[in-house]
Amino acid sequence: MTTPSVPPSRSDEIRRIETKWRERWERDRAAFVDTGKPAGDGTYLLVMLPYPSGDRLHVGHARTYFLTDALHRYLRQRGRTIFCPMGWDAFGLPAENYAIQRGVHPHTSTLANIAAMKEQFRAWGVLYDWTKEVTTCEPAYYRWNQWFFLKLLEKGLAVRRKSAVNWCPSCETVLANEQAEGGVCDRCGTPVIQRELEQWFLKITDYAESLLAGLDTLGKWPEKVVTMQRNWIGKSVGADLDFAIPALGESVRVFTTRPDTVYGATALILAPEHALVPRLIANHPDEAGLQTWVTSVRDQERIAREAEGAEKDGRDTGVKAINPFTGQEIPVWLANFVVADYGTGALMAVPAHDTRDFEFAKKYGIPIVKVIEGGDLPYTGEGPLVASGTFSENSSSAARELIAAEAASRRIGGPRIRYRLRDWLISRQRYWGTPIPMVKCPTDGWVPVPEKDLPIVLPPDAPFTGKGGNPLEKVAAFVNTTCPKCGGPARRETDTMDTFVDSSWYYMRYLDPSNDRAPFDPARAAEWAPVDQYIGGIEHAILHLLYARFFTRVMKDLGLVTFEEPFSALFNQGMITRQSPTGRVEKMSKSRGNAVSLDPLIAEKGADAVRAFVLFLGPPEKDAEWSDEGISGPERFLGRVRTAVERFVATGADVRGEPAAADTPAARARHMAVKKLTEDFDAFSFHTAVAHLMEFATHAAGLVGDAKADRGETAATLRALVALLHPIAPHLSEELNEKLGGTASLLVSGWPAFDPKLAVEEIASVAVQVSGKVRSEVKLQRGSSEKEARAAAEADPAVARWLVDKQVVKVIWVQDRLLNLVVK
RNA sequence: GCGAAAGUGGCGGAAUUGGUAGACGCGCAAGGCUCAGGACCUUGUAGCCCUUACCGGCUGUGGGGGUUCGAGUCCCCCCUUUCGCACCA
């Protein structure tokens with residue numbers, strides 16, 4: 001099988017080098033870990049922490065970590081002080097499901113996954129400050145989730161409330177609105193249904209305006225993410241108006257962005273979930289039929305109810321309301337398209353000036369009254385009011401203010417701003433999460449656990465049957481407790497927190513991870529925070545990033561931090577996609593069955609080649625389809641660099657030699673390469689960085705093979721090459737740097753400098769156009785004048801033949817680039 | 001439907017922001033080395049035309065128009081793809 005007496009294969013040699021340097025970096029780790037931020041300098045580089053409750057890291061994840069590590073190493077080489085920690089977002093449903101299927105406790109499987117992933121990071125050559133490691137499923141971390149919960153409760157920002165919530169029948173838990181986008185469960189894709197339940201909410205809506213205003217300060221965030229958050233918060237300016245229902249002795253408040261159209265409101269429409277519905281239908285001849293309809297709409301899957309083109313379906317209650325401005329009776333309807341938890345769950349229908357109301361009115365024969373002059377109905381634009389009493393002839397915008405003011409003076413509403421954002425539902429009927437520190441006492445009601453009794457530890461011995469709800473409910477020792485207030489027997493809350501609570505403040509815990517008296521020491525955290533550069537996927541655009549921004553505001557109110565925005569700059573790397581077995585191009589993930597492990601590739605080609613390849617795939621912000629076919633390019637490139645250095649060393653030339661002259665074509669090539677690579681890394685353009693390194697490597701190999709080349713310049717070129725290579729291929733570059741006489745790791749200020757004056761070619765090749773068409777190219781000394789260029793161009797036969805019998809009527813001259821002779 | 005981004009060789013992609021389109025790599029082709037090679041090295045590689053060859057010419061960045069000495073880049077219209085939002089009153 002094996003061939004004896006063969007010299008060590010290339011892959012053995014690569015393995016030896018990579019092992020050597022991993023050990024070296026680990027040994028010298030102290031040089032690369034946080035020791036406090038020097039005044040006015042330093043960069044907090046944060047990468048979205050991985051989720052070790054599921055599978056091992058695959059190609060889909062690797063790009064993020066390679067990218068971050070390249071940036072990290074580059075910045076260190078530039079002499080910056082960097083804080084780059086890593087931790088584990090360890091709670092979550094997959095680990096619990098795994099426990100149900102395989103009988104392995106989530107804590108056990110999670111720790112095993114963490115160990116495996118940590119080993120992967122090591123094998124990939126990815127450096128983190130492990131002295132700041134955070135694991136969210138450990139009491140040392142999640143006790144502070146509980147602490148934050150108590151603080152939120154004190155401030156009235158954590159509340160228990162009954163409302164219609166998203167329920168995933170598959171995960172058997174409720175979900176936050178953000179986790180049920182599009183009406184399907186964020187985790188498993190199952191359509192969610194609405195359930196009326198009492199749950200814990202965090203009042204993120206109290207910060208709606210601040211979260212919205214803060215977006216304007218996030219200039220270094222992708223515009224797309226900012227827009228998504230803005231839409232999610234969904235600010236609307238309008239007015240509240242009360243419509244009296246004399247038959248019930250009640251009034252119904254509606255919210256509208258178009259109070260100017262109130263004279264055209266010919267119906268009042270309520271959501272089937274509206275609190276007044278039972279009384280409205282009570283005396284209806286077909287009360288049972290209506291009730292059945294209400295129930296069926298309410299229990300419908302959200303995805304079906306909100307689907308595009310879903311039929312508008314409504315019922316007339318037979319009850320009348322009074323339009324507060326016309327004084328006329330209008331019918332009160334119930335309809336499936338009215339959303340219970342936006343606005344007031346009720347609206348005034350203005351069929352003439354709203355396409356949706358128009359459609360509904362057409363279907364059910366509701367009167368259509370035009371009150372704005374404009375185009376064909378439904379006309380949703382602006383215009384002068386008509387048939388609007390004393391407000392007629394006002395413009396829409398003026399009337400909006402006047403009518404809202406009138407409503408306020410009559411105490412039937414007034415100007416109002418509303419948001420689409422809803423409060424953050426954090427209760428989860430699951431085991432593997434942070435216990436909510438609340439106790440339900442038969443006499444005192446809900447009582448918070450005193451701070452001194454934290455943490456409420458998740459009991460290790462829960463029965464994972466997968467049936468019958470939350471296993472925590474069955475742990476008597478956990479559930480049965482005493483009331484902190486009266487000392488009587490009481491029941492502990494068995495719901496756990498949404499895992500997004502964990503990731504809402506972890507970036508601050510990194511700064512002081514072993515603090516057992518506070519989530520972190522504000523003074524210490526202030527050295528590095530806020531985060532200078534955050535790197536993560538677009539999938540967090542709304543969920544995590546909105547929650548983190550909310551938590552940061554809370555932390556500011558608690559005096560823990562002085563800023564509101566946690567992440568000064570955000571970079572969204574693109575996803576790695578791959579054809580799934582179904583043939584569609586999708587995000588790579590284990591659940592889709594298209595995940596590719598990187599480990600065999602690394603074992604075969606080495607981490608450096610795989611890093612170079614993955615970074616070379618394309619622009620990092622764009623998605624890239626995975627195929628390992630192209631890896632031979634970067635692999636050969638690294639081989640060429642190595643061969644060039646080894647050949648040069650073998651000549652016995654001085655590896656620390658310096659160029660004999662500063663300004664030579666080779667020196668200029670070197671300065672240009674340093675300039676390009678510096679710009680590439682500054683711009684996160686890792687794929688062009690690899691391309692430029694390839695060009696530079698070819699050039700360097702040429703110098704090594706050129707007997708006439710200056711040995712000093714060749715040595716300097718090779719030293720620059722391996723230094724520039726370091727962010728991409730750290731192991732090989734360190735090895736070659738050592739061969740070239742380097743005594744310190746390239747990680748420490750190993751970035752070469754360039755002279756801008758020398759980072760351009762001395763000879764400019766100037767394109768010569770005749771009437772805009774390129775006819776030739778002339779080599780000129782950089783900085784040559786237009787006159788010199790024209791003389792050279794006219795002397796060129798390839799140009800001259802186009803000038804015969806022509807007259808040059810205009811000359812365009814772009815220094816060192818282009819000469820255009822316009823002829824007639 | 002609304003909004004945003006994008007469309008460049010067989011493929012991934014580059015282009016100093018209005019100045020030589022196709023860098024770099026994959027793939028492919030020819031040659032070298034080799035017992036052999038899916039290893040390695042060298043060279044070529046947008047299309048079409050002319051030519052024995054050289055020299056050369058024309059076309060070309062989704063389609064159509066425009067601005068300009070000059071457009072992948074700017075403007076207008078259209079097509080396609082991707083993403084986000086979508087009964088939000």
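Every chain is numbered from 1, with letters handed out A, B, ... down the list of sequences. Just so it is clear, the structure is predicted and the values come from calculations on it, not from any experiment.
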Lys/Arg-Asp/Glu bridge criterion (N-O < 4.0 Å) met for A/Glu786, A/Arg790
no
Does A/Glu777 pair with A/Arg775 as a salt bridge, N-O distance under 4.0 Å?
no
B/A6 and B/C24: how far apart are their P atoms, nearest whole angstrom?
25 Å
Are A/Arg420 and B/A86 close enough that a side-chain N or O sits under 4.0 Å from OP1 or OP2?
yes
Rounding to the closest angstrom, what is the interatomic distance between B/A39 and B/A23 at atom P?
23 Å
With no hydrogens and no angle check, just 3.5 Å: does a side-chain donor-acceptor pair link A/Ser776 and A/Asp796?
yes
B/S/- contact track for nucleotides 7-14 of chain B, protein heavy atom under 4.0 Å
-----BSS
Counting only side-chain N and O atoms of A/Arg642, is one of them less than 4.0 Å from OP1 or OP2 of B/C40?
no
Round to the nearest Å and state the distance from A/Glu604 atom CD to B/G38 atom C1'.
12 Å
Measure the distance from CG on A/Asp628 to P on B/G38 and round it to the nearest whole Å.
18 Å
Ring-plane angle category for A/Tyr364 and A/Phe360, please: parallel below 30°, perpendicular beyond 60°, tilted otherwise.
tilted
For B/G84, does the O4'-C1'-N9-C4 or O4'-C1'-N1-C2 angle fall within 90° of 0, making it syn, or is it anti?
anti
Given 3.5 Å as the limit, does a donor-acceptor pair link the side chain of A/His692 with the main chain of A/Lys676, or not?
no
Carboxylate-amine/guanidinium contact A/Arg230 A/Asp216, below 4.0 Å:
yes
Determine the Euclidean distance between corresponding C1' atoms of B/C74 and B/G18; express it in Å to zero decimal places.
8 Å
Could you check which residues of residues 221-238 of chain A get a heavy atom under 4.0 Å from RNA chain B? Sort them by number, please.
A/Lys224, A/Met228, A/Ser236
Distance in angstrom units between A/Ile763 CD1 and B/U20 C1', rounded:
17 Å
The dot-bracket string of RNA chain B, counting Watson-Crick and G-U wobble pairs with both distances under 3.5 Å, using [ ] for crossing pairs and | for pairs to another strand, is (((((((..(((......[....)))((((((.......))))))((((......))))..(((((..]....))))))))))))....
Report yes if at least one side-chain N or O of A/Arg258 is closer than 4.0 Å to OP1 or OP2 of B/A89; otherwise report no.
no
Under 3.5 Å, is there any donor-acceptor pair linking the side chain of A/Arg422 to the base of B/C88?
yes
Between A/Thr355 and A/Tyr379, does any side-chain donor sit less than 3.5 Å from a side-chain acceptor?
no
How about A/Phe686 and A/Phe66: are their ring centroids closer than 6.0 Å?
no
A/Glu635/A/Arg640 salt bridge by N-O under 4.0 Å criterion:
no
Looking at B/G27, B/C24, B/G57, which one has an atom nearest to any side-chain atom of A/Ser632?
B/G27
So, are A/Arg298 and A/Glu273 salt-bridged, with charged N and O less than 4.0 Å apart?
no
Closest to the side chain of A/Trp802, out of B/C69, B/C41, B/C58, is B/C58
Side-chain donor-acceptor contact under 3.5 Å, A/Trp813 with A/Asn820
no
Basic-acidic side-chain contact under 4.0 Å: A/Arg418, A/Asp240:
yes
Tell me: NZ of A/Lys810 to P of B/G70, nearest whole Å?
9 Å
Distance check needed: B/A89 C1' versus A/Leu347 CG, whole Å only.
5 Å
Distance, rounded to the nearest Å, where A/Leu615 contributes CG and B/C24 contributes C1'
15 Å
For nucleotides B/U61 and B/G9, find the distance between their P atoms and express it as a whole number of Å.
10 Å
Using atom C1' in both nucleotides, what's the gap between B/C33 and B/U82 to the nearest angstrom?
47 Å
With a non-hydrogen cut-off below 4.0 angstrom, is A/Glu777 in contact with a base, only sugar-phosphate, or nothing?
base
Taking for A/Gln769 and for A/Asn820 the nucleotide of RNA chain B with the nearest heavy atom, the one nearer the 5' end belongs to A/Gln769
Between the side chains of A/Gln781 and A/Glu762, is a donor N or O closer than 3.5 angstrom to an acceptor N or O?
yes
For B/A89, does the base pair up with any side-chain atom of A/Arg356 as donor and acceptor (N or O, under 3.5 Å, distance only)?
yes
Can you tell me, in whole Å, how much space there is between the C1' of B/U68 and that of B/G57?
25 Å
Expressed in angstrom and rounded to an integer, what is the separation of A/Ile542 atom CD1 from B/A86 atom C1'?
13 Å
Rounded C1' spacing from B/U20 to B/A46 in Å
16 Å
State which of B/U59, B/C24, B/C87 makes the closest approach to the side chain of A/Phe337.
B/C87
Picking from B/A23, B/G56, B/G25, which would you name as closest to the side chain of A/Arg640?
B/G25
Whole-Å C1' distance, B/U52 and B/G62:
40 Å
